[in-house]
Asks: 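Below you will find the structure I want to go over with you.
Fair warning: this is a prediction, and the values are worked out from it, not measured in the lab. FYI, side chains are in, hydrogens and waters are out, and symmetry mates aren't considered; it's all heavy atoms of this structure.
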Number of protein chains: 2
Amino acid sequence: MTDVSRPAISPGASPLFLREDEIRRGIELLYFGYTRLTNAIDQELAKQSLGRAHHRALYFIARQPDLTVGELLKLLAITKQSLGRVLKELQEQDFILTSPGVVDRRQKLLRLTEKGAELESELFRQLRQKLSSAYVSAGQESVTGFWHVLEGLIPENDRKMVFDLRGDNG
Amino acid sequence: MTDVSRPAISPGASPLFLREDEIRRGIELLYFGYTRLTNAIDQELAKQSLGRAHHRALYFIARQPDLTVGELLKLLAITKQSLGRVLKELQEQDFILTSPGVVDRRQKLLRLTEKGAELESELFRQLRQKLSSAYVSAGQESVTGFWHVLEGLIPENDRKMVFDLRGDNG
DNA sequence: AAGATACGTCAACATGACTGACGTATCTCG
DNA sequence: CGAGATACGTCAGTCATGTTGACGTATCTT
């Protein structure tokens, strides 16, 4: 609330061309924050001989039961061959099960087994621990800001897909 | 502002055990936001036959010229063998150069060549474009919140290392 | 002079991604 | 009904990036 329309962050910079330091700070915090959060569950995954790829699939299946393979492919943005391997391993170890689509029998619906739900739940517990503590120490206003900036990083075309994850369940 | 110590986000939830949805939202936005930002430079890197690992090294060397190999190892948290390959390739393609340490000649100081600086600068330009637009659409208050939450994700032991990147240079 | 440290390097391997090609079941639509 | 599109699976080969373990050399510290 000092001057006029120009934000206080960058004396003399255009709003579309922010000061280099603020951008670098964002890049660095995003890198370290993201990697440290994901590191938090590596040990637990290793116990089950699983990797991060398995967790991502597990996560989205937990988030949206009866997800189709095609929908999961869009979320993960990898090739079907890569995903195929991951799903095969998850199924072999009894973490997920599949059923033919109801309206379209070409589709394969993905769902967690009880064992899968337990694992996802434990992994989530560990992530929540880290993220909760960051939320609390930053305060609620910071949390909404955190969300808004990250939303702005997601291209228009992908936003619906991401927002559609919410409200379904869990 | 409103009530007492309990944040308004979660009626009935303990501050250390936030509502599941808020945590899942954070996990998802962090995942999509981070991957979409890093995707932004993949094409440019591919033009030079480089990958993300090369960019991370390039980035930190740009950020802190005359960084030692040991310091870079701590920042990247990978093995010296992995980093060795990356640095070798960057050097072969004339993106970086090294010099023996001044105070300690066992050390190797890393620095960008002019070619390296140009590449880093172009990559940074593309990251800035994405991140600036997210900052602007979220607003300055959101940006500081974004920073605070991410700082909270970085373990105590690593914070000094991250914060020390700031202020050295542009 | 001995030991610690900073860095390099050889070798083998794991993970998770990729491309390209091809196969089958099922749905849609003229 | 039949042709073509779609959803999914799979074989085969490759690449990028990480890992462990072992060992070598120059330099610093004490």
Side-chain angles (χ1 to χ4, degrees), chain A residues 31 34-35 38-39 41-61 66-93 96-111, chain B residues 31 34-35 38-39 41-61 66-93 96-111:
Chain A
Y31 167 68
Y34 181 77
T35 63
T38 58
N39 282 349
I41 56 168
D42 282 351
Q43 267 201 318
E44 195 67 30
L45 285 167
K47 283 186 198 167
Q48 315 285 338
S49 314
L50 299 178
R52 299 248 181 97
H54 302 96
H55 177 242
R56 287 194 287 270
L58 209 63
Y59 180 94
F60 286 120
I61 297 171
D66 284 342
L67 196 67
T68 68
V69 170
E71 285 165 342
L72 186 52
L73 274 174
K74 275 184 204 158
L75 287 165
L76 296 174
I78 58 176
T79 59
K80 62 179 173 175
Q81 294 91 327
S82 293
L83 180 57
R85 205 171 26 205
V86 167
L87 291 180
K88 191 181 161 201
E89 287 159 1
L90 285 174
Q91 201 166 9
E92 280 169 0
Q93 293 186 53
I96 64 173
L97 51 82
T98 69
S99 56
V102 191
V103 306
D104 183 341
R105 290 197 320 199
R106 290 171 303 178
Q107 294 182 330
K108 204 162 86 173
L109 307 184
L110 303 166
R111 189 174 268 277
Chain B
Y31 167 68
Y34 180 76
T35 64
T38 57
N39 282 349
I41 56 168
D42 282 351
Q43 267 202 317
E44 196 68 30
L45 285 167
K47 282 186 198 166
Q48 315 285 337
S49 314
L50 299 178
R52 300 245 181 98
H54 302 96
H55 176 243
R56 287 194 286 272
L58 209 63
Y59 179 93
F60 286 118
I61 297 170
D66 284 342
L67 196 66
T68 67
V69 170
E71 285 165 343
L72 186 51
L73 274 175
K74 276 184 203 158
L75 287 165
L76 296 174
I78 58 177
T79 58
K80 63 179 172 176
Q81 293 91 327
S82 291
L83 179 57
R85 205 168 28 204
V86 167
L87 291 180
K88 190 181 161 200
E89 287 160 2
L90 285 173
Q91 201 167 6
E92 280 169 1
Q93 293 186 55
I96 64 172
L97 51 82
T98 70
S99 56
V102 191
V103 307
D104 182 341
R105 289 197 321 201
R106 290 170 305 176
Q107 295 181 330
K108 205 162 86 173
L109 307 183
L110 303 165
R111 189 173 268 277

Asks: Using a 4.5 Å cut-off on heavy atoms from C-beta on, say whether the side chain of A/Ile61 contacts that of A/Leu87.
Replies: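 The answer is yes; the side chains approach within 4.5 Å.
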Asks: Looking only at side-chain atoms of A/Asp104, point me to the closest of C/dT26, C/dC10, C/dG16.
Replies: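 Output: C/dT26.
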Asks: Measure CG/A/Asn39 against C1'/D/dT19 and give the value in whole Å, please.
Replies: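 Roughly 14 Å, once rounded to whole Å.
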Asks: How many whole angstroms separate atom CZ of A/Arg105 from atom C1' of D/dA5?
Replies: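 Interatomic distance, CZ of A/Arg105 to C1' of D/dA5: 18 Å.
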Asks: Do the non-hydrogen side-chain atoms of A/Arg52 and A/Asp42 ever get within less than 4.5 Å of each other?
Replies: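 SC-SC contact between A/Arg52 and A/Asp42 confirmed.
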Asks: Are the side chains of B/Leu76 and B/Tyr59 in contact, using a 4.5 Å heavy-atom criterion?
Replies: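 No, every pair of side-chain atoms sits at 4.5 Å or beyond.
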Asks: Nearest to the side chain of B/Lys80 - C/dA6, C/dA17, D/dC23?
Replies: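 Given the options C/dA6, C/dA17, D/dC23, the side chain of B/Lys80 is closest to D/dC23.
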Asks: Side chain of B/Ala53: nearest nucleotide among D/dG18, C/dT26, C/dA17?
Replies: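 Of D/dG18, C/dT26, C/dA17, D/dG18 is nearest to the side chain of B/Ala53.
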Asks: Would you kindly give the CG-to-C1' distance between A/Leu87 and C/dT15, to the nearest whole Å?
Replies: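 Result: 16 Å.
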Asks: Tell me the interatomic distance from B/His55, atom NE2, to D/dG18, atom P, rounded to whole angstroms.
Replies: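 Distance, rounded to whole Å: 14 Å.
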Asks: Could you check how far CG of A/Leu109 sits from P of C/dT26, rounded to whole Å?
Replies: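 So the two atoms are 14 Å apart, to the nearest Å.
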Asks: Taking NZ, NE, NH1 and NH2 as the nitrogens, is one of them in A/Lys47 or A/Glu44 under 4.0 Å from a carboxylate oxygen of the other?
Replies: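 A/Glu44 and A/Lys47: salt-bridged.
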Asks: Base of C/dA17, side chain of B/Arg52 - is there a donor-acceptor contact under 3.5 Å?
Replies: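 Side chain to base: no pair present.
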Asks: Would you mind classifying the nucleic acid contact of A/Gly51 as base, sugar-phosphate or nothing, using non-hydrogen atoms under 4.0 angstrom?
Replies: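 Here A/Gly51 touches the backbone only, sparing every base.
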Asks: Closest approach to the side chain of A/Arg106, judged atom by atom: which nucleotide of D/dG18, C/dA4, C/dT26 is it?
Replies: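 Of D/dG18, C/dA4, C/dT26, C/dT26 is nearest to the side chain of A/Arg106.
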Asks: Counting C-beta onward and ignoring hydrogens, is there a side-chain heavy-atom pair between A/Val86 and A/Arg56 closer than 4.5 Å?
Replies: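 No, their side chains stay 4.5 Å or more apart.
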Asks: With heavy-atom distances below 4.5 Å as the criterion, would you say the side chains of B/Gln91 and B/Thr98 are in contact?
Replies: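 Heavy-atom side-chain distance check passes, below 4.5 Å.
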Asks: Counting only side-chain heavy atoms from C-beta out, which of C/dC18, D/dC8, D/dG21 sits nearest to B/Gln81?
Replies: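 Of the candidates, D/dG21 comes closest.
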Asks: Quick one: is B/Arg56 getting a side-chain N or O under 4.0 Å of the D/dG18 phosphate, OP1 or OP2?
Replies: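 The answer is yes; a side-chain N or O of B/Arg56 sits under 4.0 Å from OP1 or OP2.
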Asks: Reading DNA chain C from 5' onward, which residue's closest nucleotide shows up sooner: B/Arg85 or A/Leu83?
Replies: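 Closest to the 5' end, via its nearest nucleotide, is B/Arg85.
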Asks: Can you measure A/Leu90 atom CG to C/dT15 atom P for me and round it to whole angstrom units?
Replies: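 Taking atom P of C/dT15 as the reference, CG of A/Leu90 is at 14 Å.
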Asks: Grab the CD1-C1' distance between B/Ile78 and D/dA16 for me, whole Å please.
Replies: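 One finds 12 Å between C1' of D/dA16 and CD1 of B/Ile78, rounded.
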Asks: Would you say A/Thr79 places a side-chain N or O within less than 4.0 Å of OP1 or OP2 belonging to C/dA17?
Replies: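 It does not, given that no N or O in the side chain of A/Thr79 lies less than 4.0 Å from OP1 or OP2 of C/dA17.
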Asks: Between C/dC7, D/dG18, C/dC18, which nucleotide has the shortest distance from any of its atoms to the side chain of B/Thr68?
Replies: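 So the side chain of B/Thr68 is nearest to C/dC7.
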Asks: What is the distance, to the nearest angstrom, from the NZ atom on B/Lys88 to the C1' atom on D/dG18?
Replies: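 Answer to the nearest Å: 17 Å.
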Asks: Below the 4.0 Å mark, does C/dT15 have OP1 or OP2 next to a side-chain nitrogen or oxygen of A/His54?
Replies: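 Answer no for this pair, as no side-chain N or O of A/His54 is under 4.0 Å from OP1 or OP2.
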Asks: Can you tell me if B/Ser82 touches the phosphate of D/dT19, counting only side-chain N or O atoms and a distance under 4.0 Å to OP1 or OP2?
Replies: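 Yes, within the criterion.
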Asks: Please compare A/Val102 and B/Gln107 by the position of their nearest nucleotide in DNA chain C and report the one closer to 5'.
Replies: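 Final value for this comparison: B/Gln107.
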